[in-house]
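Beneath this line is the structure, given in structure tokens, with notes to follow.
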Amino acid sequence: MSRKAILSIIICLMLFGSGIFIGADKVSAAAKQTVTAAKVKSAPTGLADPAWQKAKAVEVPFEGKEKFAGQKTAVTTKAVYTGDGIYFKFDWKDPTKSVTKGAWKFDGQKWSHQKGNEDRISLLFEIERIDKFATKGCAVVCHVPAGKTAKDGKFGTTSPAEKGDLWHWKAARSDPAGFADDTWLTQISEEKGGRKSDAGKGGDQKNMTADKSKPMYMPAPGKKLAAGNVLLVAHAVEIKDYTGFKAGDTVTYRMPKMPVGSRADIKAISRHTDGGWSVILFRKLDTGHDDDVAFNPRKKYNFAMALFDDSGDEDSYDSEVLTLQFSR
Amino acid sequence: MDTLSEMLALGDIMARVKALRVPADALTWHRFSGSLLLVLLVLLFLSGAFMAFYYSPAPGAAYDSVDYALYSVPFGDVIKGVHHYGWNIFLIVLGLHLVRAFIVAAYKSPRQLIWVSGVLTLLLIPALIITGDLLPWDQNGFWTTQVRISIIASVPLVGDFMVRLIQGGPLTGIVALTRFYVLHILFLPALLIILIVIHFHFLKTRGLSEPLFKKGSQSKTISFFPQLINRWLLLFLAVTLVLGVLSWYWPAPLGDPADPTDSTFVPRPEWWVLSLNQLVTIFKGSLTVIGSVIIPGGLVVLLLALPFLDTSPDRHPARRKKVVLTAIVVAIILLGLSVMGYNEHFNGNVS
Amino acid sequence: MKRNGKAESISSDRRAFIKTAALCGGAISLAGIPLAGYFISPALKKGTGKWVDFGVAEDLTPGSIEMLSYEFMVKDGWQVLPQRGFVWAKTEAAGNIQIFSSTCTHLACNVIWREDEKIFECPCHSGRFDINGRPLAGPPTRPLSVLEHKIEDENLLVYLTF
């Protein structure tokens, strides 16, 4: 090859180089935040795992709705993935750890429900494209009938062809069992919203007697309470003798079940310290279930999050829609 | 081989193809841009034709079909990537092809019409890009189209009519998308092929331009088949490999699905159109027509008329000072405008 | 005789050419006119408009700029689709209303009202308009178009073209 040949090859390479540079995806909207899942060799095993250092933290702003209107908060979000799993880590400030969810309290005479809800975080992905979710986020799946308040709002898509994957971490009802509730979203029905539980079993069981006056179960002998002093269904035994309770004793009202099947896809690790929550949610990239989004690391995904601070469904902090992408 | 051609009654054609001789420098280390363009064009046609298997031209469904083709069909990302990087590189190489033809004055008599057909080919590319960009029905394609449509609409007298003609109505909806699709995959490529056939017709009858410094290599010839074909096939293999690997590592972008109600999306002009876009930004209001019609139109006329304006037999750039200088000034202005546009749209803080 | 023969062949050549040209012209117009009409026809239709109801006019707060969203069905060729968008209503005193199109007069992006600066801003090229829709800065030179409106049975109706 002559000098000319080498020169030609260099010119060719430069051509292709500029083609890539120019053709690269620089033309994107400025507004949308992107969470990039970093590729890691071995899955993170806990909150302090060094794998998390590979992921870039994204400070996702949340805006309060209804009871929290006008207030703002933020969740520091990280994501990593391995050959077959995806791992999210969320850190947010919350001085009060709320896991009460109406737990029973004995005052020496009678049982009553304590005031207090629970902390939650939820994520919504698309299984089948939800029209305008990519630009409008959760707003397109919240339907408040005209003239009604947010309390009557329904959560769901506008057609059965649109499917969402809703990850629902509940500090009192799912976390003590080590899971986030795996649910999905479909078309809104007249009566109810479009929220459905994934196939399988899970959720929680109400701990009360038939007349709803007192708890029915207590921890079985030798069984400990789970995180947040929550009694799991698996550890519960029927109360035979109520005389053993003293004034001030508390018993879990909503007892988490051990989920099975597709509903058990999302596992959770959490900790509440230093005035805030740290939560890891992880799942297989592709669970093989049709009520879950299958993540393809070559693709980008839209998702949005909501945070509930000791509050019900209508009072939340919502994020804008975000992009999830996977690093190489 | 012989029996096969006999069976197919190809003897006559085979003999003519075998007898065909072309100049030895038709495809060499220093003259390859034309052949490279042909390679890229074949790849664009192939990838485009196959992408059509998984495409449905209706708003919404279009995005889903492209998304499906990209991520759910084997080699989907490679095919789309080859098309995506292919046209970007095609446009650059086409520019270089033109610059080279200009520098060595390949447009001079008797090759005026080779130049003219080439320039017409160049003018067809924006039409292909404009119609192609809308097809994935993503945010960027949709809003870029809106900007382009409004630039066309700003042309006095005929602007509104042209927009309706291109889109088949006032809206960028299903009618517009179907039109863009059919134009992109049928009418415009057909026109492109016709122009290239014309280009080759004149190339064959008028011959390649001689090297500026004659060293007697001119009379050397090689056989069209197999020598030239083999060189071209080697180039094809190399380019396909490079584009395929590129597309595998950096998949072609696909943005969010188009949302015509989203006012927050800010489309950014593509690199090749930055200078023209900047012209529209500079000439505002009633002067828009200068930036959107008069200057680009003038440049096009100048390019097309070049062989008939610069008629001296001198081919060496040093002996064509006036023409070369004018071209350099125009090139610098266009480059300057592009830099201005780049700064405004990519570095500028769009608040 | 020879000469005559040559002339004859020229004239027969010409005759053949004219014949072919005429046939060609006939074929092109016969096929071309319907085809061109088929392609061009949508461009010949004039734009249409529609009065869109934005609800009770008195609900607008005097002294403010409010975003009024609309959604109505539009037939695009063979597909009926909701057309969504918004306009800006400037209310001075009760009854004194001005409706601005949200379309930037530069390149058709949507302008957004910024209450803190009291300007309309186009996010695409940083065009700015004052509270009366007059261009202040950036590429736009024409004011935001003021849309025709009327009040019927207390409801605000705005004429939207598309």
Side-chain angles (χ1 to χ4, degrees), chain A residues 1-32 34 126 128-137 139-140 158-159 161-162 286 293-303 320-326 328, chain B residues 28-33 36 60 63-64 67 70-72 76-77 81 84-93 96 138-141 143-144 235 238-239 242-243 246-262 264-272 345-346 349-351:
Chain A
M1 274 201 291
S2 61
R3 225 184 309 159
K4 260 182 191 164
I6 292 161
L7 198 71
S8 307
I9 290 171
I10 290 171
I11 291 174
C12 264
L13 286 177
M14 276 164 63
L15 275 180
F16 282 89
S18 50
I20 303 159
F21 173 73
I22 284 161
D25 183 24
K26 292 197 300 169
V27 196
S28 58
K32 219 164 149 184
T34 299
E126 293 166 288
E128 298 294 345
R129 189 166 64 83
I130 301 170
D131 194 30
K132 296 188 179 58
F133 180 73
T135 44
K136 305 280 198 297
V140 297
T158 45
S159 95
E162 300 178 332
D286 183 359
V293 56
F295 290 109
N296 171 357
R298 297 180 73 81
K299 200 173 160 174
K300 288 177 182 171
Y301 293 84
N302 298 298
F303 74 107
E320 298 278 315
V321 63
L322 300 126
T323 302
L324 170 69
Q325 65 176 21
F326 297 82
R328 284 305 175 92
Chain B
T28 57
W29 294 111
H30 50 93
R31 194 205 290 269
F32 60 87
S33 57
L36 183 55
Y63 181 87
D64 293 332
D67 182 274
L70 194 49
Y71 300 109
S72 304
D77 43 4
H84 174 76
Y85 293 115
W87 77 255
N88 276 288
I89 295 169
F90 183 84
L91 201 53
I92 298 171
V93 179
L96 292 180
D138 64 350
Q139 279 282 75
N140 194 47
W143 290 104
T144 305
L235 188 65
V239 171
V242 171
L243 279 184
L246 279 184
S247 311
W248 173 254
Y249 276 102
W250 290 283
L254 177 67
D256 289 330
D259 180 356
T261 64
D262 179 32
T264 59
F265 190 84
V266 183
R268 288 166 172 180
E270 279 161 326
W271 61 272
W272 59 275
H345 291 282
F346 292 88
N349 181 20
V350 188
S351 59

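No hydrogens, no waters, no symmetry mates; every other heavy atom, side chains included, goes into these values. Quick note on labels: first sequence line is chain A, next is B, and so on, each numbered from 1.
Heavy atoms of A:Asp131 lying under 4.5 Å from chain B are absent altogether. Only the side chain of B:Tyr63 comes within less than 4.5 Å of a heavy atom in chain A; its backbone stays farther off. Only the backbone of B:Ser247 comes within contact range of chain A, with at least one heavy atom under 4.5 Å from a heavy atom of that chain.
For the atom pair CZ of A:Arg129 and CG of B:Asp67, the computed distance is 8.5 Å after rounding to the nearest 0.5 Å.
Closest approach of A:Arg328 and B:Tyr249 over heavy atoms only: NH1-O, 3.2 Å. For the residue pair B:Trp248 and A:Arg298, the shortest heavy atom distance occurs at O-NH2, 2.6 Å.
Surrounding CD of A:Glu126 are more than 12 heavy atoms belonging to other residues, nucleotides or ligands, all under 6.0 Å away.
Every side-chain hydrogen bond (donor to acceptor under 3.5 Å, both in side chains) that A:Thr158 has, sequence neighbours left out, goes to A:Glu162.
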